[in-house]
Amino acid sequence: MKANYLDELNEQQREAVIHINGPIMIVAGAGSGKTKVLTTRIAHLMRNGVDAFNILSLTFTNKAAREMKERVEKILGGSEARNLYIGTFHSVFARLLRAEAHRLGYPNDFTIYDTDDAKSVIKTIINELNLDDKHYKPNFVYNRISAAKNSLMGPEEYQLDHLVQQEDMRANRPLIGKIYDMYAKRTFKNGAMDFDDLLFKMYILLKTFPEVLHKYQHKFKYIMIDEYQDTNPAQYEIIKLLGAVNENICVVGDDAQSIYSFRGATIENILQFEKDYDDVKVVKLEQNYRSTKSILNVANEVIAHNKGQIEKNLWTDNTEGDTIKLVRTMTDNEEGKFVADTISEQKLRNHYDNRDFVILYRTNAQSRSFEESLRRKAIPYRIFGGLSFYQRKEIKDYVAYLRVTMNTRDEESLKRIINYPVRGIGKTTMEKTIVLANEHNITMWQVLERARELGFKGGTVEAIEAFVVMIKSFQALLSTHNAYDVAVAVGKSTNLVKELFNDKTTEGLARYENVQELLNSIKEFTETPDEEGELLDKSMGSYLQQITLLTDADQGTDENSDVVKLMTIHAAKGLEFPVVFTVGLEETLFPSGMSINTREELEEERRLFYVAITRAKARLWLTYANSRYRFGNLVQNEPSRFLEEMPEKFIDRSYAGGGSVRNAFGGGNTSGWSNSNNMFDRMQKKTPGQQPSQPVTQKPAAKPTFSPATTHVPSADFTPDDPAGMEPGMQVEHQKFGFGTIAAMEGAPNNRIATINFPKGGGEKKIMLNYAKLRIIR
DNA sequence: AGCAACGGCGTTTTT
DNA sequence: CGCCGTTGCT
C-alpha cells in the first residue's frame with residue numbers, strides 16, 4: 001500500500017481528497033489531474049473507514065470505471081476495490097433495475113432496446129396510426145420522446161403540457177404525444193426499456209417505493225459523479241434523491257467542457273450545485289499537467305469567447321513547446337494525405353509511435369479520407385465510433401434469439417427471428433398473430449403458444465409449434481448450462497451458424513467470423529470474474545443487458561496495440577494524446593451548420609473546440625480544406641470562425657504541408673501548391689515493395705472489449721480437467737487463450753478464481769474455474 | 001419468397 | 001456519395 005499517496009497531490013488536489021463528509025464540488029480544468037483526485041479520494045475514504053460497499057461512483061464510460069477501480073486497487077493494495085460500485089449512470093441503473101424492475105411490472109430480465117430497436121418500435125406505431133412516416137420521421141419522434149424522458153416527463157404530462165404541445169403544433173406534428181403514449185405502453189408490454197428508461201424508470205422506482213429509496217440511500221453513503229457538467233435533469237433528480245440522507249455528494253466537472261446538451265444535459269446542474277446544498281465545499285483544480293504552454297494558452301483564449309463561466313485560471317508549469325500548426329489544404333482528400341504524411345514524418349523526426357497520434361473530427365462521416373490516406377501509407381489505425389459490433393445484422397439476429405429466450409415478451413426481437421432462418425412462418429401468419437394478440441390482449445408469444453387452439457392450421461401450426469418448442473428448449477437449458485453453452489445450442493438448433501458458414505462470399509465469411517466473435521465474447525463473459533460490483537451475475541440476462549450498454553469508448557482496451565486512433569471529439573472526451581490533429585475546421589462543419597443559430601449552440605461548439613485542443617499534450621495540428629465532398633457534391637467552405645479567435649503568438653500559420661507558405665487564411669487560388677513532393681513522400685517511395693502485402697491496418701469494426709488478441713487452436717486431444725486439482729504454478733491449456741501458467745488463486749472454495757498468465761493469449765487473465773474449461777499440462 | 005434495381009435521403013455529437 | 005428501404009420482378 002502506498003502510505004504517502006497524499007504527498008503526490010498538489011494543495012488543491014489534496015484539499016479535495018481529504019474532504020470526507022458533506023457536499024463538495026471539484027471544478028477540474030482540463031488536464032488538472034481529475035482522475036487522480038477521484039481515485040485517490042476513493043482510496044482515502046476507504047483508508048478512513050468507509051466501506052467500499054457504500055461508495056457509488058458514476059463515470060462517463062465503462063472503461064473509465066474499470067480504470068478507476070484498478071487505480072484504487074493500486075493505491076490501497078488488496079482487493080477491496082472490487083466491492084466499489086462504479087460504472088456509468090446507465091450501466092449502474094441497469095444493474096439496480098435488474099434487481100427491482102418487477103416492482104414496476106417489468107421482468108427483471110427486461111430487454112434493453114438500443115436506439116435502433118427503439119426507432120423500429122416507433123416506426124411500427126407511426127404506421128399503425130396510419131401516419132406518414134415521411135412526415136412523422138421516427139428519428140425526430142425518437143428525439144422528442146428522449147428529450148421528454150430526460151426531463152422526467154411521462155406521456156400523460158407530455159400530452160397535457162401546454163408548452164410542449166405548442167411546440168409540436170408549431171412543428172405541425174401534434175400527434176407526437178400520442179405516439180409517445182403508445183410507445184411507452186408498447187415497450188412496457190415488450191418488457192423492454194430504452195436507454196432513457198434506465199434513468200426515467202429508476203427515478204420512478206425511487207419516487208414510488210420509499211423502501212427502495214431508503215435501501216439505496218443507506219447503501220450509497222458516498223456518491224461521486226464525474227463529468228457532472230454533462231448530466232441531465234433525470235440524472236440530477238436521481239442523485240438528489242439518493243444523496244438526500246447523507247449528502248455526501250462529490251461532483252467533478254468543468255463547465256468549459258460541457259458538450260452533451262443535445263442529449264439533454266444541462267450545464268445548469270453544475271452551475272447550480274452550490275445552491276443545492278448548504279455548505280458546499282468548492283475546490284478548483286487549475287494547474288494543468290497535460291499540455292504545453294502554447295496549447296494551453298490557445299485553449300484559454302478560445303474559451304474566453306464564451307460568456308458566463310465559472311471563473312478559473314488554468315495554468316501550467318510545462319514548457320512552452322511547439323507552436324500550434326494551422327494548415328489549409330485544397331480538398332478533403334489532401335487534408336487526409338497531409339495528416340498521413342505528417343504522421344509519417346513525426347514518427348521519424350520525433351520518434352513517435354502510431355499510438356501517440358489521434359485524429360479528431362466533428363462528424364463520423366469525415367473519417368473516410370483519413371482511412372484512405374493511412375491505408376495507402378500502411379499506417380495501422382483504428383476508428384472509434386460508427387456502427388458498433390452489436391449493431392451488425394448477423395449479431396442482432398443472433399442476439400434476438402437470446403433475448404427472446406430470456407424475455408418472450410420482447411416482440412421486437414421475436415419479429416426479427418420468427419421467420420429467420422426461413423421456417424414457414426410468413427408475413428400472413430405474423431400479421432394474424434399480431435391481430436390475435438391485440439384481440440385477446442396477450443403477447444405475440446402467448447398466441448404462438450396457443451396457436452392450434454387459436455385456429456392456425458396445417459403446416460403453419462406445425463412450424464409455429466416447432467418454433468415454440470425450440471425456444472422452450474433453450475429456456476430449459478438456462479437452468480443447467482451457462483450462457484455460453486446456451487448460446488452455442490441456439491446457434492446449432494437454429495442453423496444460424498451453419499448458414500453463415502456455408503456462405504463463402506467475403507461478406508459471408510466476415511459475418512461468420514463476427515458470430516464466432518460474439519460467441520467468444522459470451523465465453524469470456526462467463527469465465528471472467530465480474531469487476532463491476534459485488535454481484536457475480538454471469539447469467540445470460542446479465543450478459544444481454546451489458547452488451548447493449550457497451551460503447552465505443554469501452555472497447556479498444558488493448559492499450560498495447562500500436563495504432564493511430566480516429567474518433568469524434570465527443571468520443572475523445574477525457575482522453576489525452578501526445579499529438580493531436582483536429583481536422584475539418586470549416587464553417588458549417590465545425591461549428592456545425594446545425595448549431596450556429598443561437599448563442600447557446602455556438603458556445604457549445606466552441607467548448608467542443610476547446611475540448612479538442614486540450615486533448616493535446618505536446619503537439620497540435622489544426623487543419624481545414626478549401627472544399628470537400630458533402631452528400632456527393634463538392635462544396636466550398638470558409639475557414640472556421642474559431643480559427644480567428646486564437647492568439648497569433650502561438651500559432652504557426654505558415655506551415656502548409658506540401659507547398660504554399662503564404663496565405664493560409666485567404667481564399668483565392670493556391671494552384672500549384674499541391675505538387676506534394678515533400679520529404680515524407682519521397683521516403684515512402686524509396687522502399688517500394690517493402691510494404692506488407694497485407695496492410696497492418698486493424699479492422700475498423702468495433703469488437704467486444706473482451707475478445708482475445710489471438711486465437712489459439714486447441715490441441716486435438718483437448719479434454720477439460722477437473723478444476724479442483726488446479727494450483728498456482730501449474731501449466732494449463734485454455735481453448736482460446738492457449739497455454740499459460742497459473743499465477744495465483746483466490747475466491748471461495750466453491751467458486752475459485754485463477755489468475756493465469758497466457759503469454760500468447762493476451763497476458764494475465766482472471767478465470768472462474770467453475771466455468772472455464774482448462775486442461776492441465778503439468 | 002428472395003433478389004436486383006431504384007430512389008430518396010442524410011450528417012452533428014451518444015448512453 | 002453511400003446507405004437504407006421500398007418496389008417490382010422472377
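Side-chain atoms are counted along with the backbone in the values below, which use heavy atoms only and exclude waters and symmetry mates. Order of the sequence lines sets the chain letters (A, B, ...), proteins ahead of strands, with each chain counted from 1.
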_Taking the nucleotide of DNA chain B with the nearest heavy atom to each, does A:T568 or A:N139 sit closer to the 5' end?_
A:N139
*Want to settle it: does A:G632 or A:K427 sit nearer the 5' end of DNA chain B, counting the closest nucleotide to each?*
A:K427
Provide, to the nearest angstrom, the distance between the [atom1] atom belonging to [X] and the [atom2] atom belonging to [N].
| X | N | atom1 | atom2 | answer |
| --- | --- | --- | --- | --- |
| A:K134 | C:dG5 | NZ | P | 12 Å |
| A:F195 | B:dT15 | CZ | C1' | 6 Å |
| A:I596 | B:dT13 | CD1 | C1' | 16 Å |
| A:I267 | B:dT13 | CD1 | P | 21 Å |
| A:K119 | B:dT15 | NZ | C1' | 13 Å |
| A:L550 | B:dT14 | CG | P | 16 Å |
| A:F631 | B:dT11 | CZ | C1' | 5 Å |
| A:F140 | B:dT11 | CZ | P | 14 Å |

_A:R606 charged N/C atom sitting above A:Y610 aromatic ring, 6.0 Å / 45°_ = no
*A:Y420 ring centre to A:K393 NZ or CZ under 6.0 Å, with the angle to the axis within 45°?*
yes
Give a yes or no on whether the ring-centroid distance for [X] and [Y] is below 6.0 angstrom.
| X | Y | value |
| --- | --- | --- |
| A:Y361 | A:H570 | no |
| A:Y85 | A:F220 | yes |
| A:Y142 | A:F140 | no |
| A:H305 | A:F642 | no |

Heavy atoms under 4.0 Å, any strand shown: does [X] hit a base, just sugar-phosphate, or nothing?
| X | result |
| --- | --- |
| A:Y260 | sugar-phosphate |
| A:Y629 | nothing |
| A:S595 | base |
| A:K393 | nothing |
| A:D114 | nothing |
| A:N150 | nothing |
| A:T363 | base |
| A:K123 | sugar-phosphate |

*May I ask you to decide if the ring planes of A:W621 and A:F581 are parallel, tilted or perpendicular, using 30° and 60° as cut-offs?*
parallel
_Among B:dA1, B:dT13, B:dT15, the nucleotide that comes nearest once only the side chain of A:V422 is considered_ = B:dA1
*Between B:dT14, B:dT15, C:dG2, which one does the side chain of A:T88 approach most closely?*
B:dT15
*What pattern of brackets, bars and dots sums up DNA chain B from 5' to 3', given Watson-Crick or G-U wobble pairs under 3.5 Å, [ ] for crossing pairs and | for another strand?*
||||||||||.....
*Apply salt bridge (charged side-chain N to carboxylate O under 4.0 Å, His left out) to A:K34 and A:E227, showing your working.*
CA-CA 10 Å; A:K34 181 187 66 170; A:E227 309 283 8; 3.1 Å; yes
*Taking only side-chain nitrogens and oxygens of A:N364, does any of them come within less than 4.0 Å of OP1 or OP2 of B:dT12?*
no
*Can you check whether A:K137 has a side-chain N or O nearer than 4.0 Å to OP1 or OP2 of B:dC9?*
no
_Set of residues satisfying side-chain hydrogen bond (donor to acceptor under 3.5 Å, both in side chains) with respect to A:N108, sequence neighbours excluded_ = A:H102
*asked:* Tell me if the side-chain of A:R362 makes a donor-acceptor pair with the base of B:dT13, cut-off 3.5 Å, by modelled atom types.
replied: yes
_Stacking check A:F262 vs B:dT14 (5.5 Å / 30 deg)_ = no
_C1' gap between C:dG5 and B:dT12, integer Å_ = 23 Å
